[in-house]
> 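I am attaching a structure below and will ask some questions about it afterwards.
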Amino acid sequence: MTDCLSLNAAAGRVAHLAREKEEKRAQERRRHLVYLIVAFLKEQGYSNTAESLFKEAQLSRDVHVCDNIDLETIILEYTDYHYAKYNRYPKLCKKTEVGNIPQNTVTHNSNKRERVPKVSSKQEDSRVSEESNNIGKNRVTQKHGQASTWNELNLGITVTPIFPTESGDRVAVPVPMYDETFVDNEKPLKPIGNLYPLGSELKEIADVMSREIVQQNLNVHWDDVKGLEDCKMLLKEAILYPMKYPSLFSGKLSSCKGVLLYGPPGTGKTMLAKAVATECQSTFFNITSSSVISKWRGDSEKYIRVLTDLAKHYAPTIIFIDEIDWTTTKNIDDTSSSSEPVRRFRAEFLARLDGLLSMEYTNVILLAATNVPWNIDIALLRRLEKRIFVDLPDEASRLEILQSYVRDDLYNSPEILKLVQETAGYSCADLKLLCKEAWINQLRPIWANLEAKAISVNDIQNDGLISEINHIALAKLRIKPIAKHMSAKYKEWHKEFGFSK
């Protein structure tokens, strides 16, 4: 029975590896196709279009098409194959009604291929076009003394985004020739370049790890974090100011390279990390256990190596690891029977982290967060030089949080001041949940009228704020603080290991 299970496991692993190789080959084939298109465009004289496609696809300038391969040869071979199989040549292009398709839009049929007509040297010399930055607009050109629009030139190609839009359509968008622009507030990433040889396993891992980089603007600023003024100041001193004023930290006593945010759940640790990502404007890695943990032997160590290499490549960099206690936990007995993969991962993680953070002028900072700091390995704790206690909100912070959810006329009412005193021990997340429940209490009479069709949704003026403190007081009977009983344990650990300003 054991042999049968072993054979099944081996067969499953072989099948899994085969699928992975096939997926890699498919990705590589699609990537090579883009390189072939760029080479064909340059050969035909469409240098601006080729450069736009080159930038949009983030291609590497170190990769060139082989001498015995070109796009026209591939199409000719496909044409001969199609004729030999079906006794007729394939139809690569067809005429379409110009009025039936919108300008700047090209619909691609997955079952048919379109061929770009080849332009001879004489035709190339006679083609005179007037280029500008507004690629998507119609432009008037002179060709053999006659005026024609950009769409009537029949150039045979339209630059479209590499990845389809959410609707599935591939829509041509204006692509600047020299100045790159990015949509959805995404920050550009420079190519990996010669960091790893092309086609190597580490190069493939680097492509996967690059997905953990937060490119979108999280739009969380310091003012969005209510209270926690000491924590924000300490984070500015540890992370923001060294990146903003590097000359002040260039001496023997450089800035700290590791920061730990610890405290009860729901106190705003992740919110502070988002504010750091927004304010510092640096490369921000959001690392979770699924990012670096693999079931295959040796892969986790490779992920750690690639992570540290990418951090130095994209510097200035912030590596954020939430719930960092999953990486290495403290063992009271050094001889405890930890599994070999766990020990190897722990050794590689600490060694790479120590080498990364000890290197001067690399401008890489490790930002970690945890709810159980007493479970962190002492070796990892040593590398987290500045340890910031994110405690439960004080009275002033609770007032500021509650005021953000109520109307202006209730800001300084006696009821809300009394409620602030009664919510001692509530975390920021508890207070938000309390206001959510109060908002539900406020909507209950409206729901009854809506279901009875006594009123319509358009008759309701919804400002999203609580109008009466009684709703919050009623919600407080249902919502209880979850971390109040653990406050003493956090303060005890903070007294022994924490950082006090």
> Of all the heavy-atom pairs spanning Met243 and Pro316, show the shortest one and how long it is.
CE-CB, 4.1 Å

> Please report the C-alpha distance between Ser427 and Asp430 in whole Å, then the side-chain angles of each, then the deciding distance to 0.1 Å, and finally whether the side chain to side chain donor-acceptor pair (under 3.5 Å) criterion is met.
CA-CA 5 Å; Ser427 66; Asp430 294 335; 3.0 Å; yes

> Side-chain donor-acceptor pair under 3.5 Å between Thr288 and Ser291, yes or no?
yes

> Determine whether Asn363 and Thr317 satisfy the following criterion, side chain to side chain donor-acceptor pair (under 3.5 Å), listing intermediate values before the conclusion.
CA-CA 7 Å; Asn363 214 358; Thr317 304; over 6 Å; no

> Examine the side chains of Thr278 and Asn219 and answer whether a donor and an acceptor come within less than 3.5 Å of each other.
no

> To the nearest 0.5 Å, what is the distance between OH on Tyr405 and CG on Leu434?
10.5 Å

> Would a distance-only check, ignoring hydrogens and angles, find a side-chain to backbone donor-acceptor pair under 3.5 Å from Lys257 to Leu384?
no

> Atom CG of Asp391 and atom OG of Ser487: how far apart are they, to the nearest 0.5 Å?
5.0 Å

> Is the distance between the ring centroids of Trp493 and Tyr262 less than 6.0 Å?
yes

> What distance separates Gln27 CD from His32 NE2, expressed to the nearest 0.5 Å?
11.5 Å

> Do the side chains of Lys232 and Glu229 get close enough for a salt bridge, i.e. N-O under 4.0 angstrom?
yes

> Give the minimum heavy-atom separation between Lys302 and Ile205, together with the two atoms involved.
CB-CD1, 3.8 Å

> Can you check whether Leu260's main-chain N or O pairs, donor with acceptor, with Lys386's side chain at less than 3.5 Å?
no

> Nearest 0.5 Å please: distance from the CD atom of Glu395 over to the OG1 atom of Thr423.
8.5 Å

> With no hydrogens and no angle check, is any side-chain donor or acceptor of Arg387 less than 3.5 Å from a backbone partner on Leu381?
yes

> Would you compute the distance between atom NZ of Lys24 and atom CD of Glu201 and round it to the nearest 0.5 angstrom?
6.0 Å

> Could you tell me whether a side-chain N or O of Thr49 sits under 3.5 Å from a main-chain N or O of Tyr46, the two making a donor and an acceptor?
no

> What residues form a ring pair (Phe, Tyr, Trp, His ring centres under 6.0 Å) with Phe285, not counting sequence neighbours?
none

> Could you tell me which non-hydrogen atom of Lys226 sits nearest to which non-hydrogen atom of Ser404, and how far apart they are?
CE-CB, 4.4 Å

> In sequence, state the C-alpha distance, the side-chain angles, and the governing distance for Arg478 and Glu437, and then conclude on salt bridge (Lys or Arg N to Asp or Glu O under 4.0 Å).
CA-CA 8 Å; Arg478 301 186 180 96; Glu437 185 64 24; 3.7 Å; yes

> Tell me the closest heavy-atom pair linking Arg383 and Leu350, and the distance in Å.
NE-O, 3.3 Å

> Compare every heavy atom of Cys435 with every heavy atom of Leu402, then report the nearest pair and how far apart it is.
CD2-SG, 3.8 Å

> Do the side chain of Gln403 and the main chain of Tyr411 share a donor and acceptor less than 3.5 angstrom apart?
yes

> If I take atom NZ from residue Lys244 and atom CD from residue Gln281, how far apart are they, to the nearest 0.5 angstrom?
9.5 Å

